[in-house]
Amino acid sequence: MEPMKPHQKRFDVIVAGGGHNGLVAACYLAKAGKSVLLLEAEAELGGATASVKPFPDYDARLSRYSYLVSLLPDQIVADLGIQFKTLPRSVASYTPYDRAGREDGLLVAAEWDEPTADSFRRLTGSDREGAAWREFYGGIAALAQRLAPSLLQPLKRAAELKSAMGLPEVWRDLVEIPIGEVIRDRFGDDLVRGVVLTDALIGTFVPPDDLQANRCFLYHLIGNGTGQWRVPQGGMGALVRELQRIATRHGVVIQLRAKVAALDSGPMGVHVETESGESYTAKDLLFAAAPQHLARLRGRAVPESLEGSQLKINMLLSRLPRLKSGVDPRLAFAGTFHVNERFSQLEAAYTAARAGELPQPLPLELYCHTLTDPSILSAELNENGFHTLTLFGLHTPAKLFDADPKRAKALAAERALASLNQYLLDPIESVLAPCRDGSLAIEVKSPLDLEADISLPRGNIFHRDLDFPFLDDAPGVGDRPLWGAETDDPHIYLAGAGARRGGGVSGIAGHNAAMALLTRG
Ligand SMILES: Cc1cc2nc3c(=O)[nH]c(=O)nc-3n(C[C@H](O)[C@H](O)[C@H](O)COP(=O)(O)OP(=O)(O)OC[C@H]3O[C@@H](n4cnc5c(N)ncnc54)[C@H](O)[C@@H]3O)c2cc1C
């Protein structure tokens with residue numbers, strides 16, 4: 001396509017928001033021959049998929065917000081020619097525990113094996129819980145394989161999709177019965193129950209028996225047909241760089257520091273104005289930031305949603321800490337390291353946070369990127385045994401930070417580290433890399449920071465509440481295929497995480513918005 005003329009103001013499509021979904025949408029549209037302008041509010045592309053060097057003394061590029069990939073379909077990677085690799089983790093999870101003074105841990109390998117079976121046996125005293133685990137996740141794996149391709153197709157209705165899946169019992173457990181009830185029914189051990197439940201609570205502030213937890217759980221288990229969480233080689237920013245390369249190659253015009261501040265839509269198309277006063281017109285607008293922002297820009301009621309509820313801590317370590325259980329830290333931190341996430345602890349943390357208290361102990365999970373992919377550190381840091389550690393704390397809703405954001409963040413960080421230290425022989429503070437100014441290499445992001453940094457409404461990592469990946473509306477929508485991107489304005493589409501089937505690093509919302517536009521009559 002033609003390069004942009006110096007003052008080009010009219011395009012086929014404007015994409016508002018340069019997170020990975022906005023970039024994916026822009027790439028599909030430009031590849032199909034549309035002239036595309038992408039407007040990003042911040043000075044950098046990527047939104048929640050950015051990589052940064054947060055500690056100036058160290059050459060370490062950390063995934064600042066999102067850090068693992070499961071939901072990105074191979075089809076999008078192939079369609080766009082994205083040269084971005086994700087790497088498998090050898091360990092699925094490790095959960096340290098102290099039972100009657102005995103320090104040990106539940107180690108679950110990526111593929112079921114004898115050490116995993118033995119680990120379940122040591123925790124629970126029999127093979128029953130391990131067998132329940134395999135049966136539960138076996139059923140989900142079968143569903144994932146069938147369900148994942150549908151995410152890139154027009155939406156089906158619930159009954160139609162359920163019948164197409166042919167796994168009514170798994171469907172019932174994941175979609176129809178509260179996941180908390182399912183977990184209590186299938187598993188007997190509090191710790192095992194908690195490990196299963198965590199996938200339902202990532203960034204989602206609800207009790208286990210709320211169906212919103214089912215939605216979160218479903219998306220965490222079906223990614224790309226396997227549900228496997230993989231390490232983005234080069235960090236999450238590598239995906240953004242690739243998408244930027246492809247977008248630019250196809251002629252997408254990208255404007256940074258160009259926050260859409262006003263928009264207007266009529267029969268002829270849309271007109272947008274940026275905060276800095278630039279104005280552009282296009283036939284269509286794909287809005288790839290949160291739907292709450294779109295509602296405000298259109299003067300509509302802002303959709304209700306849960307607020308964000310997680311604490312993200314990025315750390316650089318001069319070495320991995322030893323554990324009280326004696327397990328090799330290279331094994332324990334290679335997968336998801338669960339801390340104080342028993343079912344009863346997650347329930348107690350929810351109750352405390354609901355009552356306005358910061359949970360103690362704080363439930364959280366960690367993983368070490370550099371055990372799988374050292375490429376985000378300089379050769380020197382690798383040679384000297386440095387590692388990164390990513391911490392994701394649960395049940396820390398935005399409202400806990402409102403009154404005194406700085407103090408609440410300091411307290412949350414203190415509780416997170418104390419929670420982790422319960423299981424470490426070397427306190428985490430003793431292995432954090434020291435910086436020249438006397439500080440330690442640790443960066444903390446509360447939900448309020450996420451709103452301030454990258455416009456996530458109240459820090460909601462999925463922009464808004466997740467929906468099930470099917471239509472449940474009453475009949476009457478018409479026969480037109482729907483992609484979950486449509487709004488009540490025929491020229492405006494949702495292309496970000498807040499679209500139905502958006503949420504997470506998937507590109508699905510970007511793909512589906514582009515398809516809705518390209519396939520409409
Ligand atoms: C701390 C954290 C950890 C996470 N961990 C994971 C994980 O490990 N794996 C996973 O799959 N998902 C994870 N997620 C969720 C996932 O990152 C997001 O759901 C996803 O990246 C959203 O992508 P997006 O492109 O739709 O939106 P965003 O990444 O939110 O991008 C939207 C962009 O729009 C811009 N913008 C906003 N308003 C305007 C405007 N008015 N005009 C122009 N531009 C605007 C923003 O600056 C931003 O760049 C995590 C999220 C967070 C915050």
Side-chain angles (χ1 to χ4, degrees), residues 14-26 37-50 62-72 86 202-204 216 219-220 223-224 229-232 235-236 239-240 243 254-263 272-276 285-294 296-297 308-314 336 365 367 369 390-393 396 443-447 449-457 459-464 466 485 494-499 501-513:
I14 294 172
V15 177
H20 82 289
N21 270 315
L23 283 161
V24 165
L37 170 69
L38 185 145
L39 300 173
E40 164 54 43
E42 301 298 326
E44 303 280 341
L45 292 170
T49 45
L62 276 67
S63 305
R64 177 166 261 171
Y65 307 108
S66 53
Y67 48 99
L68 286 169
V69 179
S70 171
L71 287 151
L72 177 67
T86 60
I202 297 292
T204 304
C216 182
Y219 284 103
H220 277 88
N224 203 21
W229 285 91
R230 295 167 67 95
V231 175
M236 214 49 107
L239 174 61
V240 179
L243 288 170
I254 297 176
Q255 302 279 19
L256 300 174
R257 298 188 186 85
K259 180 173 183 171
V260 173
L263 74 85
V272 307
E273 264 182 53
T274 65
E275 217 166 43
S276 56
L285 171 72
L286 263 57
F287 199 81
Q292 293 92 320
H293 302 319
L294 177 62
R296 275 187 205 101
L297 286 167
S309 137
Q310 67 295 312
L311 189 71
K312 172 87 195 294
I313 303 187
N314 299 313
T336 300
E365 46 199 77
Y367 111 98
H369 181 106
T390 301
L391 183 154
F392 193 94
T396 54
E443 171 187 78
V444 184
K445 296 282 179 192
S446 75
D449 293 329
L450 300 182
E451 177 152 44
D453 293 357
I454 47 169
S455 308
L456 298 181
N460 188 324
I461 69 169
F462 308 122
H463 291 180
R464 68 172 186 92
L466 294 167
L494 269 179
R501 305 184 289 189
V505 180
S506 72
I508 291 172
H511 168 275
N512 288 352

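Counting starts at 1 for both ligands and their atoms, in listed order.
Under 4.0 Å from any atom of ligand 1, one finds heavy atoms of residues G17, G18, G19, H20, N21, L39, E40, A41, E42, G46, G47, A48, T49, Y65, S66, Y67, L68, W229, A258, K259, V260, A288, A289, K312, F392, L450, I454, S455, L456, I461, H463, G496, A497, G503, G504, V505.
Looking at residues two or more places apart in sequence or on another chain, you find a side-chain hydrogen bond (donor to acceptor under 3.5 Å, both in side chains) between T336 and R89. Applying the side-chain hydrogen bond (donor to acceptor under 3.5 Å, both in side chains) test to E443 and every residue at least two apart in sequence or in another chain returns R64, N314. Checked against side-chain hydrogen bond (donor to acceptor under 3.5 Å, both in side chains), H369 has the following partners two or more places apart in sequence or in another chain: Y367, D373.
The shortest non-hydrogen separation linking G235 to S63 is CA-OG, 3.6 Å. Nearest heavy-atom pair, F462 versus I202, reported as atom, atom and distance to 0.1 Å: CE1-O, 3.4 Å.
For the side chain to side chain contact (heavy atoms under 4.5 Å, CB included) with F392, the qualifying choice from I313, I461, L68 is I461, the only one to do so.
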